[in-house]
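What follows is a set of notes on a single structure, which appears directly below.
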Amino acid sequence: MTINKNKLVKYTIVFCTVFILFSCNTANKKGYSPKKLEVLKAFLESTGATSMIVVVEGETIFSWGNTSEKHIIHSIRKPLIHSLIGIAVQQKKIDTSMTMKELGIQDIAPKLTDIESKARVADLLKSKSGVYHLASAMTKNMKKYLPKRNSKQPGTYYFYNNWDFNTLGAILENQTEKGLYNLFLENIAIPLKMKDYKEISINIDGDSKEKTDISNVDGYYKYQKSKSAYPAYHFRMSSRDLALFGQLYLNNGVWNNKQIVPKEWIDVSTKPYSVYNKKKRIGYGMLWRLNLTEDLKKMNSYFHTGKSIQLLGIYPHSKMVIVHRVNTERKYAYNKEDLDKTIQLVFDAKI
């Protein structure tokens, strides 16, 4: 059966209108003002963002942009691997007290020293390894402020370093004897019935100047063997799939009455092991950033950003998940300060 272009446009408009009306009714029901959410929409259209979803009590009250489009999530990859490590810990395939030496973890020259080899898996999870080896996908700030080798004892100093995160990916694969992207498919994507993640992954030579087409993959290992033996593992995901992942965490790891990610793992990971911004009351747990209480001792909400412009936020007190995306795979312009304004507009819409 063929449908002419005019009819297709008509059907699309009808579908979008029905979806918008449904979202408005849901927003009202959940205690959010549709008019104020329209203000949010207008603001988003002025910022350079590409999509956003707000879910309250498991129902979408706001959806804007192309939420099915897959693109790089940058550092939001850390919460994704957090879920897989938690499952592996429960299965006793990973022991967070084990050291790099015990796990046989070493790197290219200059190799890990005796001090660095004492770093535990728990230290890497908290970004407190004390290992300041170069790493794949290091940002300019990571390299600029990288402490000197052996200057800190493992477990004593917070420094956000991709060596920790990349090596966790290698440990996960070594201990489970499975690929990271396959683990995510089997343990997370399939149970949550994600619509867009398919597990397609490739290897990329990050030292090469030649561009690699990543438009059809769900993830890729970025190797920079001039810096480290361990690749960065990047995910490309849609906003609607990320929202499902966020809802899993809001549910304390439960999906359809089944415990997917251990609740104890989420609880222990959302405690503040470091406070890196006292003014804004932001701390770090294990692979999650935390919004803290005034005394800086407890978590109010937790989140992770990508390039400081993408967001996956979990707000337990509001029973809310926020996903905010900017497609960095194409030319973009986005003011980082607009992300805070965007989040504030969501909470301003509460009736």
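Below, each value reflects all heavy atoms present in this structure, side chains not excepted, and no hydrogens, waters or symmetry copies. Computed from a predicted structure; not experimentally measured.
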4.5 Å side-chain heavy-atom contact, [X] and [Y]:
X: Leu103; Y: Met98; value: yes
X: Arg289; Y: Thr305; value: yes
X: Leu134; Y: Ser228; value: no

Hydrogens and angles aside, do [X] and [Y] bring a side-chain donor and acceptor to less than 3.5 Å of each other?
X: Ser68; Y: Asn66; result: yes
X: Tyr221; Y: Ser136; result: no
X: Tyr220; Y: Arg236; result: no
X: Ser238; Y: Asp196; result: yes
X: Asp348; Y: Gln344; result: yes
X: Thr328; Y: His74; result: yes

* Specify whether Tyr249 and His82 have parallel, tilted or perpendicular ring planes, treating 30° as the upper limit for parallel and 60° as the lower limit for perpendicular. => tilted
Less than 4.0 Å between a side-chain N and a carboxylate O, is that true for [Y] and [X]?
X: Lys263; Y: Asp267; value: yes
X: Lys341; Y: Asp338; value: yes
X: Glu59; Y: Lys29; value: yes

* Asked: Among Asn150, Thr99, Ile105, which one satisfies side-chain contact (heavy atoms from CB on, under 4.5 Å) with Glu116?
  ->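 That would be Asn150; it is the only one of Asn150, Thr99, Ile105 passing the side-chain contact (heavy atoms from CB on, under 4.5 Å) with Glu116.
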* Asked: Just one of Leu168, Leu146, Leu124 clears the side-chain contact (heavy atoms from CB on, under 4.5 Å) bar with Trp163, so which one?
  ->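 Of Leu168, Leu146, Leu124, side-chain contact (heavy atoms from CB on, under 4.5 Å) with Trp163 is met by Leu124 alone.
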* Is there a donor-acceptor pair closer than 3.5 Å between any side-chain N or O of Arg325 and the backbone N or O of His71? ->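 Such a contact is found between Arg325 side chain and His71 backbone.
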